[in-house]
Protein chains: 2
Amino acid sequence: MNNAKILREFPKGKHKHSACINDAMKTAEATCQERGIRLTAIRRRVLELVWASHEPVKAYDVLDTLRSERDSAAPPTVYRALEFLLDEGLVHKIESLNAYIGCGEPGHTDAGQFLICSDCGDVAELDDPELVKMIAEKASQIGFSIEQQLVEVTGFCAQCAPAS
Amino acid sequence: MNNAKILREFPKGKHKHSACINDAMKTAEATCQERGIRLTAIRRRVLELVWASHEPVKAYDVLDTLRSERDSAAPPTVYRALEFLLDEGLVHKIESLNAYIGCGEPGHTDAGQFLICSDCGDVAELDDPELVKMIAEKASQIGFSIEQQLVEVTGFCAQCAPAS
DNA sequence: AAGCGTAATGTTATAATATAACATCTTTTC
DNA sequence: GAAAAGATGTTATATTATAACATTACGCTT
Ligand SMILES: [Zn+2]
Ligand SMILES: [Zn+2]
Ligand SMILES: [Zn+2]
Ligand SMILES: [Zn+2]
């Protein structure tokens, strides 16, 4: 069996998270450049804040920070930026948490699958074509044609797994 | 490959939906009886309202109806009933819609997988052990142990599929 | 049947998440 | 630099969900 492609890993022990953020911002810049769309100051900042950790971030937490930096920040400020970032695949929404997380590899075409650690709260993103395919096949067995897949799995990451 | 077990089908053409509701209510009665828990009038009525169609139902739509029948109905009335029904596996929450749908086969142990038709809005529920297993395996490849799975798929049911 | 403890519901208030609608400003295009 | 399109500002409100405490109903023992 193929291994799942890991779009976004769980962080391993201590890591320099500023590097994660830097990578993500560079990738976003390049992606927007390429597509001829504008990563404005607000959008860039919201993306940074979403990437603040490996945990999904709440819209109103982003707003709180933004408010401290910019008088005019209001809910639409954040939701519009998030909408842009979602549309461009730079962030994803974790539906089961009403929270947002940076995409580990913008541009991936298949749906991502999210692993959410109940203990540390961190999230990893996989892209497993085999799984995507199986879901599509199962659906088509009953005549259902898939447009979009949502897979969110809750449990324990390697670091938080109950000692065995 | 095994076929997915269908816990709740898409309705086929015209069907007598009162039969769906009756079945669901009988199953719920029996389930609660067996478990020694109380399907009170409010809980029963909320379950009926969730089963009102094959589409997921919003909490506040349930509330609107309940208000017309019972002066004391308020948000906690509905959310408490839903919490009970969710805990007992009599209904499921469709996270991507913030809406609730009756379980087609209360007592199933695996996570259900939901197929949501973008056109008619109806939802089917599958339980495919093979899929559940594959997700668990993919997760365990990166050291993640699963507690709960969420699979919600959007697309077109057989009836609504674009003519081919 | 009376009394007790638990479970369920009533009631009021508020938290958390998200969008509508319209005004203003900025950037791009011609 | 004027027009058009895109982005942001601003105010208000819609939608979804929970907290906290009071009251009532139920199930059990005596
Ligand atoms: Zn990191
Ligand atoms: Zn992604
Ligand atoms: Zn039916
Ligand atoms: Zn079910």
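Letters A, B, ... mirror the listed sequences (proteins, then strands); counts begin at 1. Predicted model only: the values in this text are computed from it and were never measured.
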Starting at the 5' end of nucleotides 4-9 of chain C, put B wherever the base has a protein heavy atom under 4.0 Å, S where only the sugar-phosphate does, and a dash everywhere else.
-> ---SSB
Output one line per pair: protein atom, nucleotide atom from nucleotides 11-16 of chain D, and distance, for all N/O pairs under 3.5 Å.
from: dT16(D); atom 1: OP1; to: K58(B); atom 2: NZ; distance (Å): 2.6

Enumerate the residue pairs fulfilling ring pair (Phe, Tyr, Trp, His ring centres under 6.0 Å) with a member in residues 15-41 of chain A, sequence neighbours excluded, ordered by first and then second residue.
-> H15(A)-H17(A), H15(A)-H54(A), H17(A)-H54(A)
Please identify each residue that fulfils side chain to side chain donor-acceptor pair (under 3.5 Å) with Q149(A), with sequence neighbours left out.
-> none
Would you kindly give the CG-to-P distance between L39(A) and dG6(D), to the nearest whole Å?
-> 17 Å
What pairs with Q159(A) under side-chain contact (heavy atoms from CB on, under 4.5 Å), at least two apart in sequence or on another chain?
-> C157(A)
Using residues 18-25 of chain B as the side-chain source, report each donor-acceptor pair under 3.5 Å to any protein atom, sequence neighbours left out, with the distance given to one decimal.
from: N22(B); atom 1: ND2; to: S18(B); atom 2: O; distance (Å): 3.3

So the side-chain hydrogen bond (donor to acceptor under 3.5 Å, both in side chains) pairs with at least one residue in residues 59-80 of chain B (sequence neighbours excluded) are R45(B)-E69(B)
Cut-off 3.5 Å, no hydrogens considered: what does the side-chain donor-acceptor table look like for residues 95-105 of chain A, sequence neighbours left out?
from: S96(A); atom 1: OG; to: E152(A); atom 2: OE1; distance (Å): 2.5
from: E105(A); atom 1: OE2; to: K5(A); atom 2: NZ; distance (Å): 2.9

Could you give the CG-to-P distance, from D87(A) to dA7(D), as a whole number of Å?
-> 11 Å
Rounded (10°) bend between the five-pair end axes of the helix from dA1(C)-dT30(D) to dC30(C)-dG1(D) = 30°
Does E88(B) offer a backbone N or O that forms a donor-acceptor pair with the side chain of R35(B) under 3.5 Å?
-> yes
When rounded to whole Å, the CD to P distance for the pair E69(A) and dT8(D) reads 15 Å
Of all pairs that satisfy salt bridge (charged side-chain N to carboxylate O under 4.0 Å, His left out), the ones with a partner from residues 8-17 of chain B, not counting sequence neighbours = E9(B)-K12(B)
T40(A) meets the side-chain contact (heavy atoms from CB on, under 4.5 Å) criterion, sequence neighbours left out, with R38(A), I42(A), R43(A)
side-chain hydrogen bond (donor to acceptor under 3.5 Å, both in side chains) partners of residues 116-126 of chain A, not counting sequence neighbours, each pair once = H92(A)-E125(A), H108(A)-E125(A)
In whole angstroms, how far is the C1' atom of dA17(D) from the CD1 atom of I94(B)?
-> 18 Å
